[in-house]
Amino acid sequence: MNETSDKLDITELVNRLFIYTDLRNWAGLQAEVFTETVQFDMVSMGSGQPRDTPSREICEQWEGGLRDLDGIHHQGGHYLITLRGDEADVLAYAVATHFKAAATQGHTRTFTGSYDLHAVRTPQGWRLDAFKYNLKFAGGNAKLE
């Protein structure tokens, strides 16, 4: 396989992760981004221990947690991709902004951090089978109240 082509495909995969989340395209995340089960780690956000988690469950958690927001925007970049045959490690930087029009203490909260992702080549293309978020700092109206 061509290394440049693989890196472009993986870059698009990570972009889909962020864009589909912003669009609340849960079916797209499950079908085009994640494997059926993902080693999922959001410890830096205060969410339990890392564990193998069905992608359906990840999407259900995100849908519930983001439901009351009027807008979500992830800006990702600075992808460092290390290929090893049919596997790849990806370090990605991203800023996520959440917007809620009805909030009275400020309409936005922002999370800045990085992601340690692992991708595998499947018959359907590259998919993420491991996801770790590393929160660096957060700002704004944390509870969007």
Side-chain angles (χ1 to χ4, degrees), residues 1 5-83 86-145:
M1 286 286 157
S5 175
D6 283 341
K7 286 188 173 187
L8 286 171
D9 289 346
I10 293 166
T11 297
E12 182 163 327
L13 174 69
V14 178
N15 286 336
R16 285 180 193 274
L17 167 68
F18 296 135
I19 292 169
Y20 285 7
T21 300
D22 292 350
L23 296 173
R24 304 167 209 237
N25 181 354
W26 313 122
L29 280 170
Q30 291 179 66
E32 300 175 36
V33 175
F34 292 129
T35 55
E36 188 172 326
T37 302
V38 178
Q39 177 62 35
F40 192 65
D41 181 346
M42 294 282 287
V43 170
S44 70
M45 291 290 290
S47 296
Q49 292 303 305
R51 68 181 181 90
D52 289 337
T53 307
S55 61
R56 171 195 45 74
E57 185 178 320
I58 293 167
C59 291
E60 287 170 356
Q61 289 174 3
W62 289 355
E63 180 179 20
L66 302 172
R67 180 177 297 130
D68 292 336
L69 300 179
D70 296 308
I72 310 160
H73 181 85
H74 286 81
Q75 193 68 48
H78 303 308
Y79 304 143
L80 299 178
I81 301 168
T82 304
L83 290 167
D86 290 339
E87 298 185 30
D89 292 312
V90 182
L91 171 66
Y93 277 20
V95 176
T97 303
H98 297 169
F99 173 78
K100 186 173 183 180
T104 60
Q105 303 299 311
H107 299 291
T108 62
R109 65 180 171 208
T110 303
F111 301 97
T112 301
S114 65
Y115 293 78
D116 295 315
L117 305 169
H118 185 265
V120 292
R121 190 189 318 268
T122 73
Q124 295 77 33
W126 288 97
R127 298 293 185 267
L128 297 178
D129 70 346
F131 175 108
K132 180 182 180 188
Y133 181 62
N134 308 294
L135 176 67
K136 291 182 182 179
F137 55 88
N141 180 1
K143 294 185 180 184
L144 286 178
E145 296 176 329

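Numbers here simply count residues along the sequence, with the first being 1.
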Considering residues at least two apart in sequence or located in another chain, which fulfil the side-chain hydrogen bond (donor to acceptor under 3.5 Å, both in side chains) criterion with Asp68?
-> none
Compute the centroid of each ring, for Trp62 and then for Phe131, and state whether the two points are separated by less than 6.0 Å.
-> yes
Can you name the residues that form a side-chain contact (heavy atoms from CB on, under 4.5 Å) with Ser5, not counting sequence neighbours?
-> Asn2, Asp9
Heavy-atom side-chain proximity of Trp26 to Glu60 below 4.5 angstrom = no
List the atom of Gln30, the atom of Cys59, and the distance in Å for their closest heavy-atom pair.
-> CG-SG, 3.7 Å
Which atom pair, heavy atoms only, marks the closest approach of Gly28 to Tyr20?
-> C-CD2, 3.5 Å
With Asn15, which residues qualify under side-chain hydrogen bond (donor to acceptor under 3.5 Å, both in side chains), at least two apart?
-> Tyr79
Looking at residues at least two apart in the chain, or sitting in another chain, which of them share a side-chain hydrogen bond (donor to acceptor under 3.5 Å, both in side chains) with Ser47?
-> none
List in chain and number order the residues that pass side-chain contact (heavy atoms from CB on, under 4.5 Å) with Thr97, two or more places apart in sequence or in another chain; answer none if no residue qualifies.
-> Val95, Thr108, Thr110
With sequence neighbours left out, the residues meeting ring-ring contact (aromatic ring centres under 6.0 Å, His included) with Phe18 are His74, Tyr115
Taking only residues two or more places apart in sequence, or in another chain, which ones meet Lys7 in a salt bridge (charged side-chain N to carboxylate O under 4.0 Å, His left out)?
-> Glu3
So, for Ala142 and Arg109, which heavy atoms are closest and what is the spacing to 0.1 Å?
-> O-NH1, 2.9 Å
Pairing residues for Arg67 by the side-chain contact (heavy atoms from CB on, under 4.5 Å) criterion, not counting sequence neighbours | Glu63
For the atom pair NZ (Lys136) and OG (Ser44), what is the distance rounded to the nearest 0.5 Å?
-> 11.5 Å
Could you tell me the separation between the CG atom of Asp129 and the CG atom of Leu117, rounded to the nearest 0.5 Å?
-> 10.0 Å
Under 3.5 Å, sequence neighbours excluded: what are the donor-acceptor pairs made by side chains of residues 36-43?
{"from": "Asp41", "atom 1": "OD1", "to": "Val43", "atom 2": "N", "distance (Å)": "2.9"}

Sequence neighbours left out, what passes side-chain hydrogen bond (donor to acceptor under 3.5 Å, both in side chains) with Gln124? Give chain and number order.
-> Thr122
Do the non-hydrogen side-chain atoms of Val33 and Leu13 ever get within less than 4.5 Å of each other?
-> yes
What residues, two or more places apart in sequence or in another chain, satisfy side-chain contact (heavy atoms from CB on, under 4.5 Å) together with Ala101?
-> Asp70, Phe99
Enter the distance from Lys100:NZ to Ile72:CD1 here, rounded to the nearest 0.5 Å.
-> 12.5 Å
Specify the closest pair of heavy atoms between Ser55 and Phe34, including all atoms of both residues, with the distance to one decimal.
-> CB-CB, 3.6 Å
Can you tell me which residue pairs pass the salt bridge (charged side-chain N to carboxylate O under 4.0 Å, His left out) test with a partner in residues 13-32, sequence neighbours excluded?
-> Glu12-Arg16, Arg16-Glu32
His78 side chain to Ala92 main-chain N or O, any donor-acceptor pair under 3.5 Å?
-> no
Nearest 0.5 Å, what's the CZ-CD distance between Arg121 and Glu87?
-> 10.5 Å
State the CD1-CG distance between Ile81 and Leu91, to the nearest 0.5 angstrom.
-> 10.0 Å
For the side chain of Asp6 and the backbone of Ile10, is there at least one donor-acceptor N/O pair under 3.5 Å apart?
-> no
Going from NE2 on His107 to CD on Gln105, what distance comes out if it is rounded to the nearest 0.5 angstrom?
-> 10.5 Å
Run the side-chain contact (heavy atoms from CB on, under 4.5 Å) check on Thr21 and Leu29 step by step: do they pass?
-> CA-CA 7 Å; Thr21 300; Leu29 280 170; 3.7 Å; yes
